Undergrad: 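Could you have a look at this structure, given as structure tokens, before my questions?
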Amino acid sequence: MPEKLTNVTLITTFLLMGFPEDQVLQRLYAAFLSLVYLAALMGNLLIITLTTIDQHLQTPMYFFLKNLSLIDICYISVTVPKSVMNSLTNSHSISFMGCASQVFLVVFFFGAEFALLLVMSYDRYAAICCPLHYEAIMNRGACVQMVTASWFSGGVYGSIHVAGTFSVHFCGSNIVHQFFCDIPSLLTLACSGEQILEYVFIIVSCCFVFVCFTLMVASYAYIVSTVLRIPSSQGRFKTFSTCIPHLTVVTLFLSSGYIAYLGLNSKSSSSLNLFMSILYSLLPPSFNPVIYSLRNRDMKGALGKFLVIK
């Protein structure tokens, strides 16, 4: 038993080495991340503001959208400010507790967003397939309960994975080839054979995600069948167009998550790895406000009134 523990390293800090060592490139990455972060922050804060003050946006769909924007702000704020600060100060270190907190919060908000997207698909199903009973199904109490369940499931999801990831012993290097602490990169630093618990959690999570995704697909199968029964082509397009923003966000979210955990090589540092990690970390929070406001007349009208008041 003592022989097995001889290579165990007591790690108190990790080194986040996702960015190139060249200081000029680090500054460029920091400037890029800062601009994207500010854009995401402003876009999501604007949606939260509009859906709060405008009386025409006091519907279940916009209530869920407000929570989605809040999750996106929290999600992008967990990783980007720390990374920008490290680049500007040329310090790559993050404490053990800081790293564990990042893992928990990233998984927490990732899980909460996925659960909320499932809730939003049910909202579209109720609005299109059960229009006469929509107000009874999606009453205020039910909406609050579903949003609370989304946040709670994210918390459970994050707790399980941070426990699984940091239950291992780390051997050798403390260098994380990423610009923030993520599970795949940390598991490459674990002693051989100690990642089994977290791998079990990942498999169970994938099964859970698959079940939720199946329910989402089932919702849209009912939606499509209902839309196809609408007599006029204009009516079909108008009805289904209310689902396009949600479908776009789901596609963006799931594709970026797929890239995060199945498309990256966490053992080595490369420009492709960095690009992919930035893609899945920044793309959903940055584009969600654009996707939901670009084709939405109510949002445009609320924004116009807000700007006139200002």
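None of these values were measured; they are calculated from a predicted model. All residue numbers refer to positions in the sequence shown, counting from 1.
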Undergrad: To the nearest 0.5 Å, what is the distance between OG (Ser83) and CD (Gln102)?
TA: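 If we round to the nearest 0.5 Å, Ser83:OG and Gln102:CD are 8.5 Å apart.
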Undergrad: Return a table of donor-acceptor pairs under 3.5 angstrom between the side chains of residues 139-152 and protein atoms on other chains or two or more places apart.
TA:
| residue | atom | partner | partner atom | Å |
| --- | --- | --- | --- | --- |
| Asn139 | OD1 | Gly141 | N | 3.1 |
| Asn139 | OD1 | Ala142 | N | 2.8 |
| Asn139 | ND2 | Ala136 | O | 2.8 |
| Thr148 | OG1 | Val144 | O | 2.7 |
| Ser150 | OG | Met146 | O | 3.0 |
| Trp151 | NE1 | Asn67 | OD1 | 3.3 |

Undergrad: List the steps, then state whether side chain to side chain contact (heavy atoms under 4.5 Å, CB included) holds for Val224 with Leu228.
TA: CA-CA 6 Å; Val224 170; Leu228 291 176; 3.9 Å; yes
Undergrad: State plainly whether one hydrophobic cluster holds both Val204 and Val209, where clusters connect Ile, Leu, Val, Met, Phe, Trp and Tyr through side-chain heavy atoms under 4.5 angstrom apart.
TA: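 The answer is no; the residues belong to distinct hydrophobic clusters.
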Undergrad: Grab the two heavy atoms, one from Ser34 and one from Val84, that are nearest each other, plus how far apart they are.
TA: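 Heavy-atom minimum between the residues: OG-CG1, 3.5 Å.
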Undergrad: List the steps, then state whether side chain to side chain contact (heavy atoms under 4.5 Å, CB included) holds for Cys243 with Ile128.
TA: CA-CA 10 Å; Cys243 302; Ile128 295 173; 3.4 Å; yes
Undergrad: Among all residues two or more places apart in sequence or in another chain, which pass the ring-ring contact (aromatic ring centres under 6.0 Å, His included) test with Tyr220?
TA: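 Result, ring-ring contact (aromatic ring centres under 6.0 Å, His included) vs Tyr220: His246.
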Undergrad: Which residue pairs pass the ring-ring contact (aromatic ring centres under 6.0 Å, His included) test when at least one of the two sits in residues 53-82, sequence neighbours left out?
TA: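 Not a single pair qualifies under ring-ring contact (aromatic ring centres under 6.0 Å, His included).
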Undergrad: Please tell me if the side chains of Ile183 and Val103 come closer than 4.5 Å, counting only heavy atoms from C-beta onward.
TA: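 Touching, per the 4.5 Å side-chain cut-off.
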Undergrad: With distance as the sole test, does Ser167 use its side chain to make a donor-acceptor pair with the main-chain N or O of Gly164 at under 3.5 Å?
TA: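 Yes, Ser167 side chain to Gly164 backbone: donor-acceptor pair under 3.5 Å.
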Undergrad: Looking only at non-hydrogen atoms, find the nearest pair between Leu282 and Ser286 and report the distance.
TA: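 Looking at all heavy atoms of both residues, the closest pair is O-OG, 2.6 Å.
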Undergrad: Apply side chain to side chain contact (heavy atoms under 4.5 Å, CB included) to Ile202 and Tyr199, showing your working.
TA: CA-CA 5 Å; Ile202 290 174; Tyr199 285 156; 4.2 Å; yes
Undergrad: Just to verify, what does Asp54 make a salt bridge (Lys or Arg N to Asp or Glu O under 4.0 Å) with, not counting sequence neighbours?
TA: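 Asp54: salt bridge (Lys or Arg N to Asp or Glu O under 4.0 Å) contacts with Lys305.
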Undergrad: Check side chain to side chain contact (heavy atoms under 4.5 Å, CB included) between Phe213 and all other residues, then give those that pass, not counting sequence neighbours.
TA: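 Result, side chain to side chain contact (heavy atoms under 4.5 Å, CB included) vs Phe213: Val217, Leu254.
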Undergrad: Rounded to the nearest 0.5 Å, what separation is found between the CD1 atom of Ile47 and the CG atom of Leu68?
TA: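 Those atoms lie 8.0 Å apart.
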Undergrad: Can you measure from OG (Ser101) to NZ (Lys82) and round to the nearest 0.5 angstrom?
TA: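 Taking OG in Ser101 and NZ in Lys82, the distance rounds to 11.0 Å.
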Undergrad: From Leu33 CG over to Leu28 CG, what is the distance, rounded to the nearest 0.5 angstrom?
TA: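 Answer for the CG-CG pair, Leu33 versus Leu28, is 11.0 Å.
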Undergrad: Using the side chain to side chain contact (heavy atoms under 4.5 Å, CB included) rule, take Leu186 and Phe166 through it: C-alpha gap first, then chi angles, then the decisive distance, then the call.
TA: CA-CA 9 Å; Leu186 289 169; Phe166 288 92; 3.8 Å; yes
Undergrad: If hydrophobic clusters are built from ILVMFWY residues whose side chains come within less than 4.5 Å, do Phe208 and Val250 share one?
TA: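 No, because Phe208 and Val250 fall into different hydrophobic clusters, even though each may have its own neighbours under 4.5 Å.
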Undergrad: Could you list the donor-acceptor pairs under 3.5 angstrom formed by side chains in residues 104-127, with sequence neighbours left out?
TA:
| residue | atom | partner | partner atom | Å |
| --- | --- | --- | --- | --- |
| Glu113 | OE2 | Asn288 | ND2 | 3.4 |
| Ser121 | OG | Leu118 | O | 2.6 |
| Asp123 | OD1 | Tyr134 | OH | 2.5 |

Undergrad: Take atom CD in Gln58; do more than 12 heavy atoms of anything else shown fall under 6.0 Å from it?
TA: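 Count over threshold, so yes.
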Undergrad: If Ile, Leu, Val, Met, Phe, Trp and Tyr residues are connected whenever their side-chain heavy atoms lie under 4.5 Å apart, and connections chain through other members, are Val290 and Met42 in the same group?
TA: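 No, Val290 does not connect to Met42 through the hydrophobic network.
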Undergrad: Can you name the nearest heavy-atom pair linking Leu247 to Thr251, along with the distance?
TA: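 Closest heavy-atom pair between Leu247 and Thr251: O-OG1, 2.8 Å.
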Undergrad: Just how far is it from atom CZ of Phe96 to atom CZ of Phe170, taken to the nearest 0.5 Å?
TA: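 So the CZ of Phe96 and the CZ of Phe170 are separated by 5.5 Å.
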Undergrad: Has the side chain of Thr51 got a donor or acceptor atom that lies under 3.5 Å from a matching backbone atom of Ile48?
TA: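 Yes; judged by distance alone, with no hydrogens or angles, the pair exists.
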Undergrad: With a 4.5 Å heavy-atom cut-off, do Ile76 and Ser281 have their side chains touching?
TA: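 No, side chains not in contact.
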Undergrad: I need the full list of side-chain hydrogen bond (donor to acceptor under 3.5 Å, both in side chains) pairs touching residues 38-48, with sequence neighbours left out, sorted by first then second residue.
TA: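 Matches after skipping sequence neighbours: Asn44-Ser69.
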Undergrad: Between Ala30 and Leu88, what is the shortest heavy-atom contact and its length?
TA: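 Smallest interatomic distance, heavy atoms only, reads CB-CD2, 4.2 Å.
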Undergrad: If you look at every heavy atom in Leu252 and Pro284, which pair is closest and at what distance?
TA: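 Distance-wise, the nearest heavy atoms are CD2-CA, 3.8 Å.
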Undergrad: Determine which pairs satisfy disulfide bond (SG atoms under 2.5 Å apart) with at least one residue from residues 65-123, sequence neighbours left out, and list them in order.
TA: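 Checked against disulfide bond (SG atoms under 2.5 Å apart) - neighbours excluded - the pairs reaching residues 65-123 are Cys99-Cys181.
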Undergrad: Find the distance between CD1 (Ile94) and CG (Leu16) and round it off to the nearest 0.5 Å.
TA: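 It is 5.0 Å, given to the nearest 0.5 Å.
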Undergrad: Please identify each residue that fulfils side-chain hydrogen bond (donor to acceptor under 3.5 Å, both in side chains) with Ser153, with sequence neighbours left out.
TA: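 Counting only residues at least two positions away or on another chain, Ser153 forms no side-chain hydrogen bond (donor to acceptor under 3.5 Å, both in side chains).
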Undergrad: Do Val80 and Leu38 sit in one hydrophobic cluster, given that two such residues count as connected whenever their side-chain heavy atoms are within less than 4.5 Å of each other, even indirectly?
TA: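 No, Val80 does not connect to Leu38 through the hydrophobic network.
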Undergrad: Is there a path of hydrophobic side-chain contacts, each under 4.5 Å between heavy atoms of I, L, V, M, F, W or Y residues, that connects Val78 with Met85?
TA: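 Each belongs to a different hydrophobic cluster.
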Undergrad: Please name the pair of heavy atoms, one in Gly98 and one in Ser95, separated by the smallest distance, quoted to 0.1 Å.
TA: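 Heavy-atom minimum between the residues: N-OG, 2.9 Å.
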Undergrad: Does Ile160 have any side chain to side chain contact (heavy atoms under 4.5 Å, CB included) partners at least two apart in sequence or in another chain, and if so, which?
TA: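 Only Val156, Phe201 meet the side chain to side chain contact (heavy atoms under 4.5 Å, CB included) criterion with Ile160.
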Undergrad: Residues in side chain to side chain contact (heavy atoms under 4.5 Å, CB included) with Thr49, at least two apart?
TA: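 By the side chain to side chain contact (heavy atoms under 4.5 Å, CB included) rule, Thr49 matches Ile53, Phe306.
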Undergrad: Mind checking side-chain hydrogen bond (donor to acceptor under 3.5 Å, both in side chains) for Ser77 and listing every partner two or more places apart, or none if nothing turns up?
TA: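 Tyr37.
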